[in-house]
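Numbers restart at 1 for each chain; the letters A, B, ... are given by sequence-line order, proteins then strands.
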2 protein chains.
Amino acid sequence: MKEYNMPIEAAIEVIGGKWKCIILCHLETGKKRTNELRKLMPKITQKMLTQQLRELETDGLINRIAYDQIPPKVEYELNEYGKSMKPILDLLCTWGGNHIKKSKTN
Amino acid sequence: MKEYNMPIEAAIEVIGGKWKCIILCHLETGKKRTNELRKLMPKITQKMLTQQLRELETDGLINRIAYDQIPPKVEYELNEYGKSMKPILDLLCTWGGNHIKKSKTN
DNA sequence: CGGGATCCTACAGGATACTG
DNA sequence: CAGTATCCTGTAGGATCCCG
């Protein structure tokens, strides 16, 4: 177990990094295939996408659904625990939107 | 100006990194001197503290109040814009707290 | 199609010494 | 006390190739 001085550190560890919040945001609107996610995030590399998805899965926020077929088909979805992040993600989106506006007018 | 695919990216850029959320959390409870912040975050280095504070100031979330005296005295406080992050920080803290509990019982 | 395995680079973050 | 200036290291993240 890790020790934290502040509970917020645990949250940052889970959704930190460059992509996790964005991935979670996209999954908020429903189950997505790997390739759909890639199209939604043109700048993410294959490696990072897989890696971040794995970590989110390990942290218990998303489910990975693999269909046993050729060609492979894998879907990711927010589970109940992952959905508990929704209010935070929504606020972050709103705040980010405002921040963009604000910095444009300055 | 930077371009974002998603508004949330702007938010992540502002509060991203290892320390900014934590600093903001501490400032939520009121104005703090530099050394107070250091004591509250034993593991942060002097350099990182100053650096992150500067960035938060540049992004318009906090005010830096320097008293012209010897020995120097500098205080930092959340301004109005910074306070707009409060709901997000509070949610993150709560979520992080729950996450710690959860991972302990697993 | 989804993703593992490598190798590599850039930069976030740290250690330490110094200044007014 | 608050902050700079260097120098250094770890690792997050990227490029590329390969596999079932």
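Between A/Glu28 and A/Lys86, at least one side-chain N (NZ, or NE/NH1/NH2) sits under 4.0 Å from a carboxylate O, which counts as a salt bridge. Between B/Glu36 and B/Arg33, no side-chain nitrogen of the basic residue sits less than 4.0 Å from a carboxylate oxygen of the acidic one, so the salt-bridge criterion is not met.
The interatomic distance linking B/Glu75 (CD) with D/dA2 (C1') rounds to 13 Å, in whole Å. Between B/Met41 atom CE and C/dG14 atom C1' there is a gap of 15 Å when expressed in whole angstrom units. Rounded to whole Å, atom C1' of D/dC1 lies 18 Å from atom NZ of B/Lys32. Computed from coordinates, the B/Lys47 NZ to C/dT16 P distance equals 14 Å when rounded to whole Å. A straight line from CD1 of A/Ile15 to C1' of D/dA12 spans 17 Å, rounded to a whole angstrom. The separation between B/Lys43 atom NZ and C/dA15 atom P is 12 Å, rounded to whole Å. As rounded to whole Å, 14 Å separates atom P of C/dG4 from atom CE of A/Met48. Atom pair A/Gln69:CD and C/dG2:P shows a separation of 10 Å (rounding to whole Å applied).
Residue contacts for B/Tyr67: at a heavy-atom cut-off of 4.0 Å it reaches no nucleic acid atom on any strand shown.
Both A/Pro72 and A/Trp19 lie close to DNA chain D; mapped to their nearest nucleotides by heavy-atom distance, the more 5′-ward contact belongs to A/Trp19. Of the residues near DNA chain D, A/Gln51 and A/Ile70, the one whose nearest nucleotide (by heavy atom distance) lies more toward the 5' end is A/Gln51.
For A/Lys18 and D/dG14, the shortest distance from a side-chain N or O to OP1 or OP2 is below 4.0 Å. OP1 or OP2 of C/dG3 lies within a sub-4.0 Å distance of a side-chain N or O belonging to A/Arg64. Close to D/dA2, at under 4.0 Å from its OP1 or OP2, lies a side-chain N or O of B/Arg33. Of the side-chain N and O atoms in A/Arg54, one or more sit less than 4.0 angstrom from OP1 or OP2 of C/dG4. Distances shorter than 4.0 Å separate none of the side-chain N or O atoms of B/Thr50 from OP1 or OP2 on D/dA2.
Applying the side-chain hydrogen bond (donor to acceptor under 3.5 Å, both in side chains) test between B/Thr50 and each of B/Gln52, B/Arg54, B/Gln46, B/Lys47 identifies B/Gln46 as the sole match. For the side chain to side chain contact (heavy atoms under 4.5 Å, CB included) with A/Lys83, the lone residue among A/Leu78, A/Leu27, A/Leu61 that qualifies is A/Leu78.
Between A/Tyr76 and A/Glu57, the side chains place no donor N or O within less than 3.5 Å of an acceptor N or O (distance only, hydrogens not considered).
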